[in-house]
Amino acid sequence: MICLLLALFAHLFPAAGSGVQERTFLAVKPDGVQRRLVGEVVRRFETKGFKLVALKLVQASEELLREHYAELRERPFFSRLIKYMGSGPVVAMVWQGLDVVRVSRALIGATDPADALPGTIRGDFCIEVGKNVIHGSDSVESARREIALWFRPEELLCWEDGAEHWLYE
Ligand code: ADP
């Protein structure tokens, strides 16, 4: 109930959901699931200190993927991307914390793994842009749209974070 109210509040007042309440949408792509990288990805966000709000294994429909990547529909690789993302289950997640959208992109690394720095997920675990293991929202606005697309409000759990006191000043 509280989560539903928070979701409604964030929808009505766009500034809400910022600061420690900021959320991002992440997905371990089908290659990441097949290559048993789910635990490694979760570990990196968990040990960083971010808070897991939702997680599920999903076989995404073509309709969902076309909507998710709507901005890229004119790109030459679009149909390949939709096929790749639908080629097996993905692990869809919502993570929360201060600057989580921007910091997650840094932890993930550049879109093309050849440009991704060692120490980032894409820098450490993949080679080609068409098999780059993980998705992360690129802005707070995209995060809101993607979370609403992949999750029902009641799937986002509110829970007391006992570590928050040790993570934030
Ligand atoms: P990001 O995932 O880093 O936000 P984009 O939004 O630009 O990057 O692209 C979405 C996804 O499309 C990429 O993660 C990658 O899987 C795929 N992609 C991007 N560029 C190419 C390309 N040139 N060839 C094949 N796939 C691509």
Side-chain angles (χ1 to χ4, degrees), residues 7 10-11 14 17-19 21-151 155-156:
H11 183 71
S18 55
Q21 304 294 323
E22 186 174 302
R23 289 176 171 178
T24 195
F25 172 74
L26 302 180
V28 182
K29 295 179 175 182
D31 51 330
V33 174
Q34 292 284 351
R35 294 181 49 214
R36 313 297 196 262
L37 292 171
V38 175
E40 176 66 32
V41 168
V42 169
R43 188 187 64 79
R44 289 186 177 217
F45 288 90
E46 204 177 28
T47 52
K48 175 73 177 164
F50 290 129
K51 179 181 177 181
L52 183 62
V53 172
L55 181 148
K56 63 183 175 185
L57 186 68
V58 188
Q59 175 61 57
S61 66
E62 188 176 325
E63 190 191 1
L64 171 64
L65 294 171
R66 284 180 170 275
E67 181 67 34
H68 175 82
Y69 281 123
E71 277 180 7
L72 299 176
R73 62 181 169 269
E74 306 299 342
R75 305 296 288 273
F77 56 83
F78 183 70
S79 51
R80 239 183 323 136
L81 173 61
I82 300 303
K83 196 167 165 223
Y84 157 52
M85 290 295 290
S87 65
V90 304
V91 173
M93 298 176 272
V94 178
W95 288 84
Q96 182 173 309
L98 189 64
D99 258 337
V100 69
V101 171
R102 189 170 61 87
V103 176
S104 294
R105 295 282 293 187
L107 293 175
I108 288 169
T111 304
D112 186 342
D115 300 326
L117 295 175
T120 65
I121 293 169
R122 287 170 175 164
D124 287 350
F125 297 114
C126 48
I127 296 169
E128 283 207 296
V129 69
K131 294 268 161 51
N132 62 357
V133 169
I134 179 167
H135 166 81
S137 308
D138 63 4
S139 68
V140 171
E141 208 35 59
S142 310
R144 288 217 178 93
R145 185 182 74 81
E146 291 169 4
I147 291 168
L149 190 61
W150 288 80
F151 289 94
E155 290 179 304
L156 308 175

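Both counts, for ligands and for their atoms, begin at 1 and track the order of listing.
Closest to atom 4 (O) of ligand 1 among all protein heavy atoms lies Arg105 NH1, 2.8 Å. From the protein, the heavy atom lying nearest to atom 18 (N) of ligand 1 is Phe77 CE1, 3.4 Å. From the protein, the heavy atom lying nearest to atom 15 (C) of ligand 1 is Val129 O, 3.4 Å. Protein heavy atom at the shortest distance from atom 1 (P) of ligand 1 is Thr111 OG1, 3.5 Å. Annotation: atom 16 (O) of ligand 1 to nearest protein heavy atom, Lys29 NZ, 3.0 Å. Of the protein's non-hydrogen atoms, the one nearest atom 6 (O) of ligand 1 is Leu72 CD1, 3.9 Å.
Taking every heavy atom of both residues into account, Val90 and Pro30 meet most closely at CG1-CD, 3.5 Å.
Distances between N or O atoms of Tyr84 and those of ligand 1 include no value under 3.5 Å.
Aromatic ring orientation, His68 versus Trp150: perpendicular (interplanar angle above 60°, classes split at 30° and 60°).
For the pair Lys56 and Phe151, the cation-pi test (distance below 6.0 Å, angle within 45°) is passed.
Looking only at side-chain heavy atoms (C-beta outward), Trp95 and Lys48 stay at 4.5 Å or farther from each other. At a threshold of 4.5 Å between non-hydrogen side-chain atoms, the residues Leu72 and Phe77 count as touching.
Using a 4.0 angstrom heavy-atom cutoff, Leu81 counts as in contact with ligand 1. Taking a 4.0 Å cut-off on heavy atoms, Glu71 fails to register as neighbouring ligand 1.
The local environment of CD in Gln59 is crowded, with over 12 non-hydrogen atoms from other residues, nucleotides or ligands closer than 6.0 Å.
Salt bridge Glu40/Arg43: present, at least one basic N to carboxylate O contact under 4.0 Å. Arg144 has a carboxylate O that lies under 4.0 Å from a charged side-chain N of Glu141, or vice versa, which qualifies the two as a salt bridge.
Ligand-side atoms of ligand 1 in range of Tyr69: 10 (C), range being under 4.0 angstrom from any heavy atom.
With a 4.0 Å heavy-atom cut-off, ligand 1 is reached by the side chain of Arg122 but not by its N, CA, C or O. With a 4.0 Å cut-off on non-hydrogen atoms, Asn132 touches ligand 1 through its side chain and not its backbone.
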